[in-house]
J.: 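My structure is below; once you've seen it, I'll send some questions.
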Amino acid sequence: MVKLVARSTLSQEFVESDAFPVQTTTLQIAELPLSGILRVQGRRTDSGFVAAVEETLGVELPVPSRMESNEDVTITWAGPNEYLCFCPLESEERYEKALRDSLQGTFSAVTVVSDSRFGVRVAGPNSAMFIAQGCSIDMHYESFPIGRAVTTRFASLTALLIHRARQEYVVFFDIGYVEYVLKWLIAESQEFRHVAA
């Protein structure tokens with residue numbers, strides 16, 4: 001019988017540890033460990049849907065291209081009438097059940113998508129410059145401030161880009177592209193490995 005071993009990261013399966021994560025004085029790129037992710041779909045114009053989600057998660061439903069957070073949950077706008085709720089992996093089942101229960105009777109859907117996403121954290125003084133190499137978003141702080149979350153093309157793939165904190169971004173991709181993404185990150189980060197802060 002095959003013994004399955006759960007993993008919280010995937011990068012070690014595709015690239016050498018001396019190449020990734022990227023750790024320099026001006027740029028750090030690392031895989032995010034597996035966390036809970038729930039896709040929540042419902043009409044923003046439905047006050048019952050909005051109230052149920054906000055009460056269950058304890059956070060306001062974000063307006064387009066924004067995220068909202070509390071100590072346990074971050075919810076991002078992912079598109080018209082679609083949101084992604086990020087939570088600790090151990091809390092995923094509890095939040096899924098709570099959302100399903102509170103949304104009964106509304107036109108809505110709650111789907112676990114944590115196994116279908118691969119996330120990376122990009123941080124450091126050159127993080128915005130590096131992110132700009134992968135997408136067409138204006139990365140100037142005033143144009144893409146902390147708390148902004150957009151679905152865009154990154155490294156030619158559909159991705160969710162979040163400005164999480166000062167000099168810190170997270171990017172989520174479909175897990176099927178993990179090897180391509182890792183090799184792209186390693187290749188594109190080469191020019192930053194000897195850049196002074």
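In this text, all values refer to a predicted model and were calculated from it rather than measured experimentally.
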J.: Taking only residues two or more places apart in sequence or in another chain, which ones pass ring pair (Phe, Tyr, Trp, His ring centres under 6.0 Å) with Phe20?
T.: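 Expected list: none.
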J.: Could you tell me which residues satisfy ring pair (Phe, Tyr, Trp, His ring centres under 6.0 Å) with Phe49, sequence neighbours excluded, listed by chain and number?
T.: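 Here no residue qualifies.
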J.: Please check if Val73 and Leu84 belong to a single hydrophobic cluster, counting links between Ile, Leu, Val, Met, Phe, Trp and Tyr side chain heavy atoms closer than 4.5 Å.
T.: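 Each belongs to a different hydrophobic cluster.
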J.: So if you build clusters from Ile, Leu, Val, Met, Phe, Trp, Tyr with side-chain heavy-atom gaps below 4.5 Å, do Met67 and Trp77 land together?
T.: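 They do not share one cluster, since no chain of ILVMFWY contacts under 4.5 Å joins Met67 to Trp77.
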J.: State whether the number of non-hydrogen atoms from other residues, nucleotides or ligands found under 6.0 Å of Glu93 atom CD is greater than 12.
T.: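 It does not: Glu93 CD has 12 such atoms or fewer within range.
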J.: Tell me, with the steps shown, if Phe130 and Val122 meet side chain to side chain contact (heavy atoms under 4.5 Å, CB included).
T.: CA-CA 8 Å; Phe130 177 81; Val122 181; 3.9 Å; yes
J.: Would a distance-only check, ignoring hydrogens and angles, find a side-chain to backbone donor-acceptor pair under 3.5 Å from Tyr180 to Ala155?
T.: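 Indeed, once roles are kept as given, a pair shorter than 3.5 Å links the two residues.
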J.: Group every Ile, Leu, Val, Met, Phe, Trp and Tyr by side-chain heavy-atom contacts under 4.5 Å, then state whether Phe192 and Leu182 land in the same group.
T.: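 Yes, Phe192 and Leu182 fall within the same hydrophobic cluster.
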J.: Tell me, with the steps shown, if Ile137 and Ile131 meet side chain to side chain contact (heavy atoms under 4.5 Å, CB included).
T.: CA-CA 9 Å; Ile137 301 294; Ile131 292 289; over 6 Å; no
J.: Under 3.5 Å, side chain of Asn70 to main-chain N/O of Gly58, donor-acceptor pair present?
T.: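 Yes, because the side chain of Asn70 sits within donor-acceptor range (under 3.5 Å) of the backbone of Gly58.
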J.: Taking side chain as C-beta onward, heavy atoms only, is Val110 less than 4.5 Å from Leu103?
T.: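 Answer yes - side chains close enough.
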J.: Does either side chain, that of Glu68 or that of Thr74, offer a donor lying less than 3.5 Å from an acceptor on the other one?
T.: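 The criterion, which ignores hydrogens and geometry beyond distance, is not satisfied for Thr74 and Glu68.
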J.: Distance alone, cut at 3.5 Å: any donor-acceptor contact between the side chains of Thr158 and Arg153?
T.: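 Checked: Thr158/Arg153 side chains pair up, N/O donor to acceptor below 3.5 Å.
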J.: Side chains of Arg43 and Phe107, heavy atoms from C-beta outward: is any pair under 4.5 Å?
T.: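 Answer yes - side chains close enough.
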J.: With ring centroids as reference points, do Phe154 and Tyr169 lie under 6.0 angstrom apart?
T.: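 That pair fails the under 6.0 Å test.
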J.: Does Arg100 form a salt bridge (charged side-chain N to carboxylate O under 4.0 Å, His left out) with Glu96? I'd like the steps, not just the answer.
T.: CA-CA 6 Å; Arg100 288 183 186 277; Glu96 179 195 11; 3.1 Å; yes
J.: Give me the atom names and distance for the closest heavy-atom approach of Ser127 to Gly124.
T.: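 Looking at all heavy atoms of both residues, the shortest contact is OG-O, 2.7 Å.
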J.: Any sub-3.5 Å donor-acceptor pair from Thr24's side-chain atoms to Thr26's backbone N or O?
T.: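 Between the backbone of Thr26 and the side chain of Thr24 there is a qualifying donor-acceptor contact (under 3.5 Å).
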J.: Would you call Arg66 and Pro145 a side-chain contact if the rule is heavy atoms closer than 4.5 Å?
T.: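 Side-chain contact under 4.5 Å: yes.
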J.: So, taking the atom named CD1 in Ile75 and the one named CD in Glu60, what distance separates them when rounded to the nearest 0.5 Å?
T.: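 So the CD1 of Ile75 and the CD of Glu60 are separated by 11.0 Å.
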J.: Can you measure from OG1 (Thr106) to CG (Asp46) and round to the nearest 0.5 angstrom?
T.: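 With rounding to 0.5 Å, OG1 (Thr106) is 6.0 Å from CG (Asp46).
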J.: Would you please classify the geometry between the Phe144 ring and the His163 ring as parallel, tilted or perpendicular, with 30° and 60° separating the classes?
T.: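 Ring orientation, 0 to 90° scale: parallel.
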J.: Pair Glu92, Ser114 - check side chain to side chain donor-acceptor pair (under 3.5 Å), show working.
T.: CA-CA 9 Å; Glu92 181 182 67; Ser114 50; 2.7 Å; yes
J.: Determine whether Leu32 and Val170 make a side-chain contact, defined as any pair of heavy atoms from C-beta on separated by less than 4.5 Å.
T.: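 A side-chain contact exists here, since the closest heavy-atom pair is under 4.5 Å.
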J.: Count the heavy atoms belonging to other residues, nucleotides or ligands that lie under 6.0 Å from CD of Glu90, then report whether that count exceeds 12.
T.: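 It does: Glu90 CD has more than 12 such atoms within range.
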J.: Do Arg164 and Ile146 have side chains that get closer than 4.5 Å, going by heavy atoms?
T.: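 With C-beta onward as the side chain, the pair stays apart.
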J.: With a 4.5 Å heavy-atom cut-off, do Arg44 and Leu61 have their side chains touching?
T.: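 Side chain of Arg44 against side chain of Leu61, heavy atoms only: contact under 4.5 Å found.
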J.: For a 4.5 angstrom cut-off between non-hydrogen side-chain atoms, does Leu161 reach Phe172?
T.: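 Of all side-chain heavy-atom pairs linking Phe172 with Leu161, none is under 4.5 Å.
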J.: With the side chain counted from C-beta on, respond yes when Met129 and Met139 share a heavy-atom pair under 4.5 Å apart, and no when they do not.
T.: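 Sidechains of Met139 and Met129: no contact.
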J.: Any chain of hydrophobic side-chain contacts (each under 4.5 Å) joining Leu160 to Leu38?
T.: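 No.
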J.: Kindly work out whether a path of hydrophobic side-chain contacts (I/L/V/M/F/W/Y, heavy atoms less than 4.5 Å apart) joins Leu57 to Ile37.
T.: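 Per the 4.5 Å side-chain linkage, Leu57 and Ile37 are not co-clustered.
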J.: For Cys87 and Ser35, work out which heavy atoms get closest and say how close.
T.: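 Distance-wise, the nearest heavy atoms are O-CB, 3.7 Å.
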J.: Could you tell me whether Glu179 and Lys183 make a salt bridge, using a distance below 4.0 angstrom between a side-chain N and a carboxylate O?
T.: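 Salt bridge present between Glu179 and Lys183.
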